[in-house]
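Beneath this line is the structure, given in structure tokens, with notes to follow.
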Amino acid sequence: MPNFNFPAAAGWQAKIVPGGRRLPNETMSQTKPILAIKNLHVSVEDKEILKGVSLTINAGEVHALMGRTGSGKSTLSYTLMGHPRYKVTAGQILYKGEDLTAMPADARARAGIYLAFQYPVAIPGVSVSNFLRAAVKARRGTELTIKEFRKELREQMNRLEMKDDFLSRYINDGFSGGEKKRLEILQMSLLKPELAVLDETDSGLDIDALKTVAGGINAMTGPDLSVLLITHYQRILNYITPQFVHVMQEGRIVLSGGSELAHELEARGYDWVTQEPAATTDAAVAQALAP
Amino acid sequence: MTETKTASTIARQRVDDLAARHGEAGWLKEARLSDWELYLKCPMPTPRDQDWHGTDLSALDLSAFTAVDFQPVEPKSPPEHPFVARTLRHFSRRAGVIVQAVGRPGYIELDAGLAARGVILCDLSTALREHGDRLRPYLAVPAKPDLNKFGLMARALFNCGLFLFVPPGVEIDLPILSMALTGGATAGSAIFPRLIVLAGDNSKVSLIHASAGEGAGRSGGGESAPVLHSGLVEIQAGAGARVSFLDLYQFGSNVVSVNRSEAAVAQDAEFTSLTVALGGGTTKSDIATYLQAPGAASWVSGLVLGSGHEHFNFNTIEEHNAPDTRSDINFRVALGDSSASVYQGIIRVARVAQRTNAYQQNRNLLLGGQSKADSIPKLEILADDVKCSHGATVGPVDRDQIFYLMSRGLTESEAEELIVLGFFKTVLESYPVAEAVDWVLESASQKLFRKPSGQTPAI
């Protein structure tokens, strides 16, 4: 693997980070990065959406990615999962040191990457239980007996406060927003990924559902799971505490910091990031990271 | 195509011989002969004919086919055949079974209690000998004016089939199974089965009929002559009756199958029909429903799964001939490889049929890069107070659905198979015999999984 020169975007980030603090884009840590995104450029139908994203996530870390609608957050999540509509035109995505760019979505899923969709698609006629069984079999490589599968399923469903009749319904067909998000987290709990990308999992949830879903996610985090939590609002970060927060704007990560950055954003809005980026953000990050 | 090459002329001698061999009653022979005369006058269909839109059988010489019969049925044990075994396993709770086969003895069983209450289930030859009087009012009637040359040929030469009679007021909750195994038919042979179902007033019955001709010259192609299957189904649902009929075809690629089914639905009767086409070189079927009296209702659905170079042409005909009648059509087609389908659906509402409520839906899923589907809905409405609508879609599998399933580790072909089976399942769930749902889906999934590797369509 040749030495990778950090491109412009990463360099800019380096500038705004006070020295001495380990931030995610520096891979000098002892822990091996589970995900290293380097200067990623992505186009959809020849329109460039991501314009040089760099981001490193180490094993067991929880990162939040915030930003306005249209800033490229969902493009990043689809690209990480391998959606064929999103074309990588430059840069690399290294998962456990291996370049994912040419790997189809199903192989990524079997390797331990999971995407909780912002808008999970309905598949009429395919029951949740049949689907979950097929997915678990694909991820683990072995088929569970119906008894084992039911037992595991029941535990996870209880935790997410889901009723049994969920299983005979068709995937996301006629589901409420909260039901869809619960199903995304239920799948995650069964597939046991090593890297989970949660795309606006908080959107469309009332406060009780948000607490339940966040509880489900918290129960899974730990040394074996790294999380990239994509969100528009700070609200879910009251329940899930990230070690790192990144702000995305116009296809680039323009600001990175600790969990306090989320509160700063909530208080001051995204415009604050845009205006006088260098000076303001320097000060803000310094303040945010101050002990 | 020149006249000499496809004369398709059947000598009267064939009809005479058939009637003599079976010792048939005079009225039946007369009926055969009048259909034979109509057959001679009826031109061979061409792809330009409205009802045949794109289906070309003009190169077939109908006179060259040799008719084959099913062997007699016996109440001993069902023939050993994987399809029969699988079907009997699925429907372990059933009211009766009839298995008929080319080249081997068939099998029959009927619940003794139902037999005692006057239910009749038998092969058609037996029925013509023993229940001729019951059959005569339905067989000695002129063919419908839109019956094609193949249907007229079948009316003149039918030689096997089934008779099911349910007396008024008798409700049969469990399904009756009928299996026709045509795999023993050799190249150049023809089978003309005719199914007659008479459901008396306020009776209830479900007939599940499967024609399986797998293995018959499956190597197919080349110069070998096809096997012709030309079937007729006639169903009478008496006043207040509830009748359901499932018709599944699973033929090899050498089979040309041209079928016509007709159901007459009387006052307040409910008729449910499900046609499942899982294979055949060329399959052309007309499914006609006649809503004859107020309160009559029908649900007609179809599932078609094509692969290779299979060609399907389905016409549904809904005739609303009385006021306050309802019909609902739901036809779903999934086509892989280079298979093709034409669906035409017509709703005809007679002047008297006020307050008709009719809906027709046809959805086509193109799985193969070379597959092709046409959908031609038609309405002919003479009454002025009706609710009629139709909708049709043709398109590939939703890429976002494929991606969603792949993002959970399923391969592209596993994802596609789940989606296709789901596409079918939403039609099946309204079918009144619950056991049939898994049986049909399993049959469909067997065909999906047999898909040759490397032919997985690009999604």
Side-chain angles (χ1 to χ4, degrees), chain A residues 77-86 103-142 168-174 180 183-184 186-188 190-193 196-197 199, chain B residues 274 276 301-303 305 330-334 361 363-365 367 391 393 395-431 434 436-438 440-442 444-445 448-449 456-459:
Chain A
S77 70
Y78 278 126
T79 307
L80 288 173
M81 199 67 244
H83 196 297
R85 204 181 293 145
Y86 298 80
M103 198 187 270
D106 56 323
R108 296 185 196 202
R110 291 193 297 270
I113 300 178
Y114 183 83
L115 169 63
F117 285 72
Q118 182 180 4
Y119 302 112
V121 65
I123 309 183
V126 181
S127 74
V128 167
S129 64
N130 280 352
F131 161 58
L132 291 180
R133 208 145 174 259
V136 166
K137 183 186 169 200
R139 165 78 171 118
R140 302 189 191 172
T142 52
S168 54
R169 292 170 68 187
Y170 297 148
I171 303 172
N172 295 318
D173 194 25
K180 286 182 187 173
L183 180 57
E184 293 299 287
L186 175 66
Q187 293 174 58
M188 178 175 158
L190 292 167
L191 298 179
K192 298 187 179 21
V197 181
D199 191 356
Chain B
L274 169 63
V276 182
S301 46
L303 301 176
L305 179 59
N330 192 351
F331 234 83
R332 296 204 167 187
V333 180
Q361 186 193 84
R363 290 186 58 192
N364 298 274
L365 210 48
L367 312 174
T393 58
V397 177
D398 183 338
R399 281 161 186 251
D400 287 330
Q401 291 181 340
I402 293 271
F403 177 67
Y404 187 79
L405 295 177
M406 287 180 73
S407 79
R408 302 314 186 224
L410 278 69
T411 63
E412 190 169 318
S413 60
E414 286 168 346
E416 186 179 82
E417 274 151 15
L418 265 190
I419 293 166
V420 172
L421 294 178
F423 175 71
F424 285 167
K425 193 176 178 185
T426 51
V427 175
L428 288 167
E429 65 193 2
S430 59
Y431 195 73
V437 176
D438 285 340
V440 169
L441 287 178
E442 189 180 296
S445 97
L448 280 165
F449 279 99
T456 311
I459 295 291

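A, B, ... follow the sequence lines: proteins, then strands. Residue 1 opens every chain.
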Testing the basics here: between B:Leu410 and A:Asp106, what is the closest heavy-atom pair and its distance to 0.1 Å?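 Looks like O-CB, 3.1 Å.
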Ignoring hydrogens, what is the shortest heavy-atom contact between A:Ala109 and B:Gly409? Give both atom names and the distance. CB-N, 3.3 Å
For each of A:Arg85, A:Arg108, A:His83, tally heavy-atom pairs with chain B at distances under 4.5 Å, and name the one with the top tally. A:His83
State, with a plain yes or no, whether a side-chain heavy atom of A:Arg110 is found less than 4.5 Å away from one of B:Thr411.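 Yes - at least one pair of side-chain heavy atoms lies under 4.5 Å apart.
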[X] versus chain B, the contacting section by heavy-atom distance below 4.5 Å:
X: A:Pro120; answer: both
X: A:Ile123; answer: both
X: A:Ala122; answer: backbone
X: A:Asp173; answer: neither

Drop me the distance from A:Tyr170's OH to B:Thr426's OG1, to the nearest 0.5 angstrom. 6.5 Å
Hey, can you pull the donor-acceptor pairs under 3.5 Å for the side chains in residues 125-138 of chain A, sequence neighbours left out?
unit_1, atom_1, unit_2, atom_2, d
A:Ser127, OG, A:Asn130, N, 3.3
A:Arg133, NH2, A:Leu144, O, 3.0

Can you list everything that forms a salt bridge (Lys or Arg N to Asp or Glu O under 4.0 Å) with A:Glu184? Sequence neighbours excluded, please. B:Arg408
Quick one: which of B:Lys425, B:Glu414, B:Gln401 has the most heavy-atom pairs under 4.5 Å with chain A, could you say?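 Ranked by contacts with chain A, first place is B:Gln401.
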Please look at B:Glu429 and chain A and tell me whether the side chain, the backbone, both or neither of the residue comes under 4.5 angstrom of a heavy atom of that chain.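 For B:Glu429, side-chain heavy atoms alone lie under 4.5 Å from chain A.
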Mind checking whether B:Tyr404 and A:Phe117 have parallel, tilted or perpendicular rings, split at 30° and 60°?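 B:Tyr404 and A:Phe117: tilted rings.
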